[in-house]
**Student:** 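Below: one structure in structure tokens.
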Protein chains: 2
Amino acid sequence: MKRNSRLSSTLHILVHMAETQEHTLTSEQLAIFIHTNPVVVRRTIAGLRDAGIVTSSRGHGGGWQLGRAPEKISLAEISAALGETLLPFSTEPESPGCLVEQAVIAALDDFRVEAERLLAEKLSRITLADLAADFHRRYALIGVTSHAV
Amino acid sequence: MKRNSRLSSTLHILVHMAETQEHTLTSEQLAIFIHTNPVVVRRTIAGLRDAGIVTSSRGHGGGWQLGRAPEKISLAEISAALGETLLPFSTEPESPGCLVEQAVIAALDDFRVEAERLLAEKLSRITLADLAADFHRRYALIGVTSHAV
DNA sequence: GTTTCATGTAACTAAGTTAGTTACGAGTGG
DNA sequence: CCACTCGTAACTAACTTAGTTACATGAAAC
């Protein structure tokens with residue numbers, strides 16, 4: 001797992017979970033998908049459990065499952081549950097009282113609020129089901145190609 | 001200078017430069033504005049020079065100046081010249097051949113391309129002159145307040 | 001031409017962030 | 001009880017970036 005790939009790694013995991021909704025997947029199995037280890041997986045998706053996106057159970061037969069249908073899980077929720085910031089820059093005052101800085105921060109904050117609203121809106125239109133459907137399309141295509149070749 | 005505040009720090013510097021277009025400002029003077037040191041300033045805005053946003057000159061009376069009128073300098077250009085990424089997440093394949101991952105990456109890349117276009121468009125509409133004007137508004141307001149009180 | 005002032009840049013240090021790892025506690029079901 | 005699994009704390013390693021030091025280069029003043 002590389003830096004700042006938490007969103008894509010998590011989506012990878014979640015689509016696999018969408019593909020096996022009938023049974024649970026352990027942290028260990030999920031870790032294999034994204035080439036990391038079970039503790040990192042638990043830590044990463046702990047926030048998703050709190051948001052109801054996934055559920056976890058302990059003991060024999062325990063593991064992880066989607067908390068609701070993939071159609072009802074948007075990328076916006078996932079991103080928010082991961083605690084990811086959509087915009088990377090900060091605007092904390094460093095020279096309190098400097099009017100130039102205040103003007104800069106005001107402009108950037110306006111931009112950020114608007115931008116985050118836009119991005120969240122876009123992400124809210126993409127669901128896990130969409131990703132799963134695209135996966136199925138690719139899977140079918142490979143099958144056809146295999147037959148053809 | 002804190003983490004990821006390069007954009008706001010740079011804007012801070014640039015607005016100060018817009019306010020003193022008649023003469024140059026040294027790295028040392030600029031460093032004081034953002035509470036850091038001259039080398040960090042030079043390193044940070046080196047990219048802006050390459051982009052023509054600022055010019056630098058050495059020796060006696062040397063220093064930094066805007067490369068063109070503040071009306072002609074947009075935040076989009078500044079952000080690009082700083083090498084800042086507008087979106088923080090990466091989508092590098094980590095499991096080549098995994099169709100689930102391919103579907104995830106395709107979706108995120110589509111989103112990113114569209115999002116970056118949107119954000120760049122928004123930033124291109126804000127110029128240094130806008131920030132300077134807002135600064136003047138704030139300055140005038142303080143003046144009025146001072147008279148009133 | 002020497003001195004002074006300024007940028008350009010390399011090299012190193014310190015601090016902060018995050019993934020990875022180890023270890024162990026706490027539920028859960030056979 | 002035992003095997004399995006998550007929950008979580010604590011530590012390590014790698015990486016990133018701001019800060020710093022040092023020095024070369026260039027330009028103006030004298």
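Just so we're on the same page: letters track the sequence lines, and every chain starts at 1.
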**Student:** Looking at B:S56, B:S27, B:S57, which hits side chain to side chain donor-acceptor pair (under 3.5 Å) with B:W64?
**Tutor:**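 Exactly one option meets the side chain to side chain donor-acceptor pair (under 3.5 Å) with B:W64, and it is B:S27.
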
**Student:** What residue among A:I53, A:V54, A:T24 forms side-chain contact (heavy atoms from CB on, under 4.5 Å) with A:M17?
**Tutor:**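 For A:M17, the side-chain contact (heavy atoms from CB on, under 4.5 Å) check succeeds only for A:V54.
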
**Student:** What pairs of donor and acceptor atoms, side-chain ones from residues 97-115 of chain A against any protein atom, are under 3.5 angstrom apart with sequence neighbours left out?
**Tutor:**
residue	atom	partner	partner atom	Å
A:E101	OE1	A:E94	N	3.1
A:E101	OE1	A:S95	N	3.0
A:E101	OE2	A:E94	N	3.0
A:E101	OE2	A:S95	N	3.2
A:D109	OD1	A:T91	OG1	2.7
A:D109	OD1	A:R112	NH2	2.9
A:R112	NH1	A:F89	O	2.9
A:R112	NH2	A:T91	OG1	2.7
A:E114	OE2	A:R117	NH2	3.2

**Student:** Please list all pairs passing the salt bridge (charged side-chain N to carboxylate O under 4.0 Å, His left out) test where one or both residues lie in residues 57-68 of chain B, with sequence neighbours left out.
**Tutor:**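 Listed by first then second residue: B:R68-B:E77.
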
**Student:** Can you list everything that forms a side chain to side chain donor-acceptor pair (under 3.5 Å) with B:E19? Sequence neighbours excluded, please.
**Tutor:**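 Applying side chain to side chain donor-acceptor pair (under 3.5 Å) to B:E19 gives B:H136.
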
**Student:** Both A:G62 and A:A46 contact DNA chain D. Taking the nearest nucleotide for each, which residue is further toward the 5' end?
**Tutor:**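 Looking at DNA chain D, the more 5' nearest nucleotide goes with A:G62.
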
**Student:** Check this one for me: any side-chain N or O of A:R6 less than 4.0 Å away from OP1 or OP2 of C:dT18?
**Tutor:**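 Checking A:R6 against C:dT18: no side-chain N or O falls below 4.0 Å of OP1 or OP2.
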
**Student:** Taking OP1 and OP2 of C:dG8, is either one under 4.0 Å from a side-chain nitrogen or oxygen of B:R42?
**Tutor:**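 For B:R42, the contact criterion (side-chain N or O under 4.0 Å from OP1 or OP2 of C:dG8) is not met.
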
**Student:** OP1 or OP2 of C:dA19 sitting under 4.0 Å from any side-chain N/O of A:T36?
**Tutor:**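 It does not, given that no N or O in the side chain of A:T36 lies less than 4.0 Å from OP1 or OP2 of C:dA19.
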
**Student:** Take nucleotides 25-30 of chain D nucleotide by nucleotide from the 5' end and write B, S or -, depending on whether a protein heavy atom sits under 4.0 Å from the base, only from the sugar-phosphate, or from neither.
**Tutor:** BBBBS-

**Student:** In whole Å, I'd like the distance from the CG atom of A:D50 to the C1' atom of D:dC6.
**Tutor:**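 Answer to the nearest Å: 13 Å.
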
**Student:** Rounded to the Å, how far apart are A:I45 CD1 and D:dT5 P?
**Tutor:**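 Taking atom P of D:dT5 as the reference, CD1 of A:I45 is at 15 Å.
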
**Student:** Less than 4.0 angstrom between a side-chain N/O of A:S56 and OP1 or OP2 of D:dG7, yes or no?
**Tutor:**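 A:S56 to D:dG7 OP1/OP2: side-chain N or O found under 4.0 Å.
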
**Student:** Figure out the CE/C1' separation between A:M17 and D:dC6, and round it to whole Å.
**Tutor:**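 Rounding to the nearest Å, CE of A:M17 and C1' of D:dC6 are 13 Å apart.
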
**Student:** Can you tell me which nucleotide in D:dT20, C:dG8, D:dA9 comes closest to the side chain of B:V40?
**Tutor:**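 Per side-chain heavy atoms of B:V40, the pick is D:dT20.
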
**Student:** Taking ring-ring contact (aromatic ring centres under 6.0 Å, His included) as the definition, give me every residue that meets it alongside A:F33, ordered by chain and number, with sequence neighbours left out.
**Tutor:**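 ring-ring contact (aromatic ring centres under 6.0 Å, His included) list for A:F33, sorted by chain: A:H16.
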
**Student:** Just the rounded figure in Å: distance from P of D:dG19 to CD1 of B:I32.
**Tutor:**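 Computing the B:I32:CD1 to D:dG19:P distance gives 14 Å.
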
**Student:** Any salt bridge (charged side-chain N to carboxylate O under 4.0 Å, His left out) involving residues 22-49 of chain A? Give me the pairs, sequence neighbours left out, ordered by first then second residue.
**Tutor:**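 Counting only pairs at least two positions apart or across chains, no salt bridge (charged side-chain N to carboxylate O under 4.0 Å, His left out) contact touches residues 22-49 of chain A.
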
**Student:** Residues in side chain to side chain donor-acceptor pair (under 3.5 Å) with B:H60, at least two apart?
**Tutor:**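 Listed in chain order: nothing, the list is empty.
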
**Student:** Using only heavy-atom distances, decide whether a donor-acceptor pair under 3.5 angstrom links the side-chain of B:R43 to the base of D:dG19.
**Tutor:**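 For B:R43, whose side chain was compared with the base of D:dG19, there is a donor-acceptor pair (under 3.5 Å).
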
**Student:** Is the shortest side-chain N/O distance from B:N37 to OP1 or OP2 of D:dT20 below 4.0 Å?
**Tutor:**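 Yes, because at least one side-chain N or O of B:N37 sits under 4.0 Å from OP1 or OP2 of D:dT20.
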
**Student:** Identify, with sequence neighbours excluded, every residue that meets salt bridge (Lys or Arg N to Asp or Glu O under 4.0 Å) alongside A:D130.
**Tutor:**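 Partners of A:D130 under the salt bridge (Lys or Arg N to Asp or Glu O under 4.0 Å) test: none.
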
**Student:** For DNA chain C, determine which residues of residues 20-30 of chain B have any heavy atom closer than 4.0 angstrom to one of its atoms, and list them numerically.
**Tutor:**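 Only B:T26, B:S27 qualify.
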
**Student:** Take the protein atom CZ of A:R49 and the nucleotide atom P of C:dG27, then report the distance between them rounded to whole Å.
**Tutor:**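 For the pair A:R49 CZ and C:dG27 P, the rounded distance is 14 Å.
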
**Student:** Rounded to the Å, how far apart are B:E84 CD and D:dT16 P?
**Tutor:**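 In whole Å, D:dT16 P and B:E84 CD are 16 Å from each other.
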
